[in-house]
Amino acid sequence: MPRLNSHDDFTPLKEVIVGSAANYVGHDRDVSFELFHHENLSGFRSDWAYPRLTRAAAGHRESWTIKARYAEELHEDVEALAATLAGLGVVVHRPLPLPPDAAPIAGLGWEAAPTPALNIRDNTLILGDEIIETPPAIRSRYLETRLLAPVFTTYWEAGARWTTMPRPTLTDNSFDLSYARDTATTLGGPTEAIEDPQPSPYDVGVEMMLDGAQVLRLGRDLVVNVAQENHTRGAEWLQRHLGHQYRVHRVWRMADNHIDSMVLALKPGVFLARHDGIRNLMPEPLRSWRFIVPPEPDAGAFPVYDDYEDLVLTSPYIDLNVLSVDEHTVLVNEECTGLAKLLETEGFVVVPVRHRHRRLFGGGFHCFTLDTHRTGGFEDYLS
Ligand SMILES: NC(=[NH2+])NCCC[C@H](N)C(=O)O
């Protein structure tokens, strides 16, 4: 296995890890989960916020069962994604699958059901020859990168650097609630504010939390979405760890957390963006790039879910979350024909891939993958 080398999202892809959906049977609905997915959940059903969360925080977590058919269809689609990438000549690595009936995991003062390593873009950042495990904000995802440890170990043995950002304790008081508070009303949901985090003997105050998926990688430039203090601390860590080599640009509240259903780089000079306003949120030197904006999502392109039984975790813009195999070739959800047509008009080759339940499991093709080897180097795309 060659050393890790991945600096961007668009130069020719040689090796990739594709997440695993095996045994994704439910969501553990505690304060950390509700807060992370607040934006999508709050527009949906209001009775899920506090004080239900007070009970959850006090240890009464609720498990939310995902319908077996959806979990099976997801698994089928993820396996087909892995096969498509292999068929394109990319070396595909896989995480350990979560075993059936996995025992709960625990931290100081909390317990949670583990999630499979599916959205593997979220908890790891690959920068050149370095694997950086990022500090998770959701308790049930705390040990997710351990499922990637066999792959990371092999890269480490081949010479990659392997770093872990400081791990948060994730007590109730670890979270900065300002984003959820500030946005509760604009989302129109009658969401009850999260007002009374429960004290814990392990409190350390507001902690560092940042997902790898909050970072857009462009060679020596990194664009980091920051929406509140947990993220600010994560971005500050990146600045101190990388600042002598990288330019770390912070963008303020482009999204609640992940940046990759807002903007993705398709090639130097070209972004795929959710809307025109993204340009003005980008760091100044990147505003002169071309921003391709797909047509508004077609409601008819999504399966119909039950308002009460199915938990929708992503916005309808999730299909923007494409994966580039090189500067000309893009994996696009086969249901998202408007986007596919537009990209073809722009000169891209579109590889249609099936992904039915992207609204239920929090991610598209970019989220489900972690590119470990692309041919591109530590380029300065701004000069
Ligand atoms: N890396 C990821 N998991 N990205 C998915 C982001 C989804 C985004 N919150 C949306 O609703 O569109």
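Remember, it's a predicted structure, so these values are computed and weren't measured experimentally. First listed ligand is number 1; within each ligand, the first listed atom is number 1. Scope of the values below: all heavy atoms of this structure, side chains included, with no hydrogens, waters or symmetry mates.
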Exercise. Keeping the roles fixed (side chain from Asn40, backbone from Ser315), state whether a donor-acceptor pair exists under 3.5 Å.
Key: yes

What donor-acceptor contacts under 3.5 angstrom involve side-chain atoms of residues 334-354, with partners at least two apart or in another chain?
residue : atom : partner : partner atom : Å
Thr345  : OG1  : Lys341  : O            : 2.7
Glu346  : OE1  : Arg290  : NH2          : 2.6
Glu346  : OE2  : Arg290  : NH2          : 2.4

Quiz prompt | Neighbouring protein residues of ligand 1 - any heavy atom closer than 4.0 Å | solution = Asn40, Asn119, Asp122, Ala213, His258, Asp260, Ser261, Arg274, Thr314, Ser315, Ile318, Gly362, Cys367

Practice problem: Check which hydrophobic residues are tied to Leu147 through side-chain heavy-atom contacts below 4.5 Å, counting indirect links as well, and list them. | Solution: Leu96, Leu98

Quiz item: What side chain to side chain donor-acceptor pair (under 3.5 Å) pairs are there with at least one residue in residues 76-92, not counting sequence neighbours?
Solution: Glu76-Arg356, Asp77-Arg356, Glu79-Arg94

Quiz item: Has Arg359 got its NZ or CZ under 6.0 Å from the middle of the six-membered ring of Phe302, at an angle within 45 degrees of the ring axis?
Solution: yes

Self-check item: Ion pair Glu236/Arg250, N-O distance below 4.0 Å
Solution: yes

